[in-house]
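Structure record follows, encoded as structure tokens.
Just so we're on the same page: letters track the sequence lines, and every chain starts at 1.
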Number of protein chains: 2
Amino acid sequence: MARPRTATRTVEHPDPSEVSLQQVLEALVDPVRRMVVSQLARAGEDKSCGTFDAPVSLSTLTHHFNVLREAGVIRQYYVGTTKMNALRTDEMEQRFPGLLSAVLAAALAKESGSTAGGN
Amino acid sequence: MARPRTATRTVEHPDPSEVSLQQVLEALVDPVRRMVVSQLARAGEDKSCGTFDAPVSLSTLTHHFNVLREAGVIRQYYVGTTKMNALRTDEMEQRFPGLLSAVLAAALAKESGSTAGGN
DNA sequence: TCCATAGTACGACCGTCATCGAAAATAGGC
DNA sequence: GCCTATTTTCGATGACGGTCGTACTATGGA
């Protein structure tokens, strides 16, 4: 111990009541971050940072995870050397009813490129 | 024809199917633009450009109206020298179900500064 | 015809943010 | 103890977008 510089690495998360609409929208407006959220939603289970498919470097991805976490969109926790990510769907739904689900629905619909109409 | 010299200034509007989620989110992420949309929603009727309350210059406001229009969020039309603005709520609801309404709900809830919890 | 009113176009400025690479930290296995 | 895998930190860079002021256009009325 001795104030283990390694407190098993805890991660700070905001209470939903502390995040603003502005924060959430800023988090979701970035395409890469939306990819992350979409993949998380589609997976249906927690994913480690390294398992995401995004067209940016790992360090950039870390940045995006931070933004998402600070906006209350995802929850992160360590498991050994890997860091897991989970969607805070329920809490978001409480704080901003319909918001995350609407974005997610639109993002996923686009991915599966169902109908035409384009992007 | 006739093409009245004064085409009475027509305004171009995108078909909802042509606007992307990205565009809509980018439009709604700006606080000033959200103010505009909120005031429009709250008014319950079309408002002319000059009747909005925003902390920016008129030319900046014009820019914001353009962004909102190109994202399919508002519809604009001239009436004499004034330009009116209307929310395209129904069309947005079709294109991105729940999105605009969720943002609007959150934005209006904040305005009326109901409970604490802050911004 | 001239003026007042309403909004637009243009160019410039500036802050913010996504991005990267390189170097560091942390935990687990051998 | 050391090596490796995983993620973070740091500083630099570059692009994008919100902002403004000024000059301009368009409409309607006197």
All salt bridge (Lys or Arg N to Asp or Glu O under 4.0 Å) counterparts of A/Arg33, not counting sequence neighbours: none
What N/O pairs connect the protein and nucleotides 4-6 of chain C at under 3.5 Å? Give each pair on its own line.
unit_1: C/dA6; atom_1: O4'; unit_2: B/Thr81; atom_2: OG1; d: 3.4

Close approaches to DNA chain D from residues 25-36 of chain B, in residue order (heavy atom, under 4.0 Å): B/Asp30, B/Val32, B/Arg33
Gap between atoms NZ and P, on A/Lys47 and D/dT7 respectively (whole Å): 11 Å
Within one Ile-Leu-Val-Met-Phe-Trp-Tyr cluster: A/Val103 and A/Val32, side-chain cutoff 4.5 Å: yes
B/Glu91 side-chain N/O to B/Arg88 backbone N/O, donor-acceptor pair under 3.5 Å: no
Test item: A/Gln23 side-chain N/O and A/Glu70 main-chain N/O as donor-acceptor pair under 3.5 Å: yes
Selection residues 24-50 of chain A - residue pairs positive for ring-ring contact (aromatic ring centres under 6.0 Å, His included), sequence neighbours left out: none
Short N/O separations, protein against nucleotides 14-16 of chain C, under 3.5 angstrom:
none

Heavy-atom neighbours of B/Asp15 CG exceed 12 at 6.0 Å: yes
Distance in angstrom units between B/Gln76 CD and C/dT8 C1', rounded: 11 Å
Nonpolar side-chain network containing A/Val79, other nodes, edges under 4.5 Å: A/Tyr77, A/Met84
Within residues 58-68 of chain A or reaching into it, pairs that qualify as salt bridge (Lys or Arg N to Asp or Glu O under 4.0 Å) - sequence neighbours excluded: none
Contacts of type ring pair (Phe, Tyr, Trp, His ring centres under 6.0 Å), residue B/Phe65, not counting sequence neighbours: B/Phe52
For B/Tyr78, the rest of its hydrophobic cluster, which grows through side-chain links under 4.5 angstrom: B/Val11
same_hphob_cluster(A/Met35, A/Leu25) at 4.5 Å side-chain heavy-atom cutoff: no
Stretch residues 53-75 of chain B: residues that reach within less than 4.0 Å of DNA chain C through a heavy atom: B/Ser59, B/Thr62
Listed partners of B/Thr60 passing side-chain hydrogen bond (donor to acceptor under 3.5 Å, both in side chains), at least two apart: B/Ser57
Partner set under side-chain contact (heavy atoms from CB on, under 4.5 Å) for B/Gln94, not counting sequence neighbours: none
